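Below, each value reflects all heavy atoms present in this structure, side chains not excepted, and no hydrogens, waters or symmetry copies. This is a predicted model, so every value here is computed, not measured. Whatever order the structure lists ligands and atoms in, that order sets their numbers, starting from 1.
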Amino acid sequence: TVGDAVPASQRGSWSSFLKSIASFSGDLSSLTAPPFILSPVSLTEFPAYWCERPDLFAAIADAKEGEQRHLAVLKWFVSTLKDQYTSRNEEMGSEKKPLNPVLGELFYAAWPDKNGRGKTTLLVEQVSHHPPITAYVIENKAKGLKLVGHNAQKTTFSAGAIIVKQLGHAVLTINGTDNFLITLPRLRIDGLWYGSPYIELVDSSYIVGGGHSSVIEYKGKGYFSGKSHSFKATVSPLPGMGGNSIVPPTKSAQSSGGGWLGGWSGSGSKNASSSSLSGSKELVVEGTWHEASTWSSGPESGKKFHDVTPTTGANKEEAVPVGGADGGEMGEFETRKLWQEVAKGIREGDFDTASKEKSRIENDQRQRRKDEQAAGTAWPLKHFKHEDVDTLYEQLGRPVKLTPPTDDRYEFLGNYPAALQA
Ligand code: CLR
């Protein structure tokens, strides 16, 4: 029957919610859902998932430019998927409906410096309300790493599941010049009927940079290994690049003796004549993204690639929120301050207070938009500048024929609040 996981008193409203999504496509965030499925966390906090394994992020800067760095980016990226797409199920029992950010909502947070990996900072701004668009920058200055991206969603309903197409992309820049384009997977939200939604990743996403491209294909139960959350990443040298001569050799790489790409660190490369892991061939990694994966081709075949299992995997660390307003206090648009009472109501089961507070925030927003319209002004973005075309997306995406062939961009203005400086 409908909603085995739904409290008896909310079954009626759960089935009307399901009916409303079935006849709806576009922006799900605006639909009213029953209390049991509400999350006390706003979507502006989600970009933190990109860096919950800060050591893997920092390791990208330490990897040698070219193939090895591409593989470090791939490893970090795959290791973010568990946090991005299964953490709510683990922490709250199922996927939930996040709070819908208001225009100008902010989230500032950081991961402290540990073992010389450097401090990593996170700055998020809701840059559009209709449709919801979230822009973010994650930076580790000590390591020269900067990830800038934005995301939005287009949702449709198909065969009882919600299909979420992610719009937007991210660009990771190392030392200001070495760029990696990262595109985002498509989501299928299943388990709706029973009231216990969970995400399966579908289709594919790309990483392009360091003279290589990776296509990451996602499959659920019944494909590849037949397991949920399966993926297969295929890494190839970019066409016309002849394998390992993509970027000019650096001094240190030239002197390493193994060609400028060097050998695969610590592996004692089985193929002595090849200076890189791949030569000019493809490399394949397979596994489950919420657990671990192994190389299924190339000289490392059979060896572990990524691991995020709690016992043996890379450590997970949640970002520590910091106040951006004067004195380290949170300002009224900082997500945890803005939603404080709503979140408290949801957590404590006081849904009257939660919905009253939510209405107060939404009415305030409506009033602001009216006033702006009357004054002929627009809400100014605080940290980003919108541009219609991202030339890096176009350039890096061309060899893998990305669709769409172009995308817009939110340029970070570099204006960190005091709490995130230095
Ligand atoms: C946002 C960007 C993050 C990854 C991510 C994870 C979960 C997604 C979320 C994104 C967008 C909003 C989302 C959510 C899961 C459920 C929620 C699609 C892509 C929708 C709006 C709520 C559906 C309601 C049912 C769960 C009841 O990097």
Side-chain angles (χ1 to χ4, degrees), residues 2-3 5-6 10-11 13-22 24-52 77-101 105 107 122 124 126-138 147-158 160-170 182-203 205 218 229 289-290 319 335 346:
V2 181
V6 183
Q10 294 177 39
R11 289 205 179 149
S13 65
W14 181 241
S15 43
S16 13
F17 177 71
L18 292 184
K19 274 180 207 131
S20 60
I21 46 182
F24 187 88
S25 66
D27 176 7
L28 269 191
S29 51
S30 56
L31 293 178
T32 311
F36 84 94
I37 207 72
L38 302 179
S39 156
V41 180
S42 161
L43 269 184
T44 52
E45 296 204 25
F46 283 42
Y49 292 130
W50 286 109
C51 203
E52 291 193 332
F77 171 81
V78 172
S79 302
T80 71
L81 300 175
K82 175 187 161 82
D83 307 322
Q84 303 253 20
Y85 303 111
T86 68
S87 57
R88 275 93 45 207
N89 294 69
E90 288 184 2
E91 280 148 32
M92 305 190 277
S94 81
E95 190 55 75
K96 302 261 170 166
K97 188 172 182 290
L99 296 169
N100 185 22
E105 189 173 319
F107 185 47
L122 167 69
V124 186
Q126 188 69 14
V127 291
S128 168
H129 178 69
H130 255 317
I133 306 175
T134 310
Y136 55 89
V137 51
I138 293 177
L147 177 76
V148 184
H150 69 277
N151 58 268
Q153 298 86 36
K154 195 174 179 326
T155 53
T156 52
F157 195 77
S158 162
I162 301 172
I163 308 294
V164 183
K165 182 182 176 189
Q166 294 204 73
L167 310 175
H169 65 277
I182 296 159
T183 69
L184 309 165
R186 199 171 286 215
L187 282 54
R188 198 183 64 225
I189 306 177
D190 273 322
L192 292 170
W193 181 258
Y194 304 101
S196 49
Y198 64 92
I199 291 174
E200 187 55 273
L201 296 181
V202 293
D203 289 356
S205 72
Y218 306 92
H229 306 334
W289 47 260
H290 67 310
T335 185
I346 293 173

Looking only at protein heavy atoms, which one is nearest to [atom], and how far off is it?
{"atom": "atom 26 (C) of ligand 1", "value": "P197 CG, 3.9 Å"}
{"atom": "atom 12 (C) of ligand 1", "value": "L43 CD2, 4.0 Å"}
{"atom": "atom 8 (C) of ligand 1", "value": "L187 CD2, 4.0 Å"}
{"atom": "atom 16 (C) of ligand 1", "value": "I189 CD1, 3.8 Å"}
{"atom": "atom 17 (C) of ligand 1", "value": "P98 CD, 3.9 Å"}
{"atom": "atom 21 (C) of ligand 1", "value": "L28 CB, 4.2 Å"}
{"atom": "atom 27 (C) of ligand 1", "value": "F17 CE2, 3.6 Å"}
{"atom": "atom 1 (C) of ligand 1", "value": "Q153 NE2, 3.6 Å"}

Show me which atoms of ligand 1 lie under 4.0 Å from any heavy atom of [X].
{"X": "I37", "value": "27 (C)"}
{"X": "Q166", "value": "2 (C), 19 (C)"}
{"X": "Q84", "value": "3 (C), 4 (C), 6 (C), 28 (O)"}
{"X": "V164", "value": "18 (C)"}

Under 3.5 Å: donor-acceptor pair, side chain of [X], backbone of [Y]:
{"X": "R11", "Y": "V6", "answer": "yes"}
{"X": "N100", "Y": "L43", "answer": "no"}
{"X": "E200", "Y": "H229", "answer": "yes"}
{"X": "W14", "Y": "Y194", "answer": "no"}
{"X": "H129", "Y": "P101", "answer": "yes"}
{"X": "Q126", "Y": "I133", "answer": "yes"}

- Is there a side-chain contact between S205 and L184, using heavy atoms and a 4.5 Å cut-off?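 Not touching, per the 4.5 Å side-chain cut-off.
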- Message: Does any part of the side chain of T86, heavy atoms only, come nearer than 4.5 Å to the side chain of Y198, both counted from C-beta?
- Response: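 Of all side-chain heavy-atom pairs linking T86 with Y198, none is under 4.5 Å.
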- Pairwise distance CZ(F36) to NZ(K96) - rounded to 0.5 angstrom: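 Atom-to-atom, F36:CZ and K96:NZ are 7.0 Å apart.
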- Tell me, please: is I199 in heavy-atom contact with ligand 1, that is, under 4.0 Å?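 It does, in that a heavy atom of I199 comes within the 4.0 Å cut-off of ligand 1.
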- Item | Under-4.0 Å protein heavy-atom contact, atom 14 (C) of ligand 1 |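 Protein heavy atom within 4.0 Å of atom 14 (C) of ligand 1: absent.
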- Y85 and ligand 1 - part of the residue with a heavy-atom distance under 4.0 Å: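 Looking at Y85 and ligand 1, just side chain atoms fall under 4.0 Å.
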- Could you tell me whether some N/O pair between K96 and ligand 1 is separated by less than 3.5 angstrom?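 No: no nitrogen or oxygen of K96 is under 3.5 Å from one in ligand 1.
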- Between W50 and Y136, what is the ring plane arrangement, given parallel below 30°, perpendicular above 60°, and tilted in between?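 Taking Y136 first and then W50, their aromatic rings lie parallel (interplane angle under 30°).
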- Query: atom 6 (C) of ligand 1: which of R186, K97, R88, K165 has the nearest heavy atom?
  - Reply: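 Residue with the shortest heavy-atom distance to the ligand atom: R88.
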- Query: Hey, is NZ on K97 packed in by over 12 heavy atoms from elsewhere, all under 6.0 Å?
  - Reply: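 Result for NZ/K97: enclosed.
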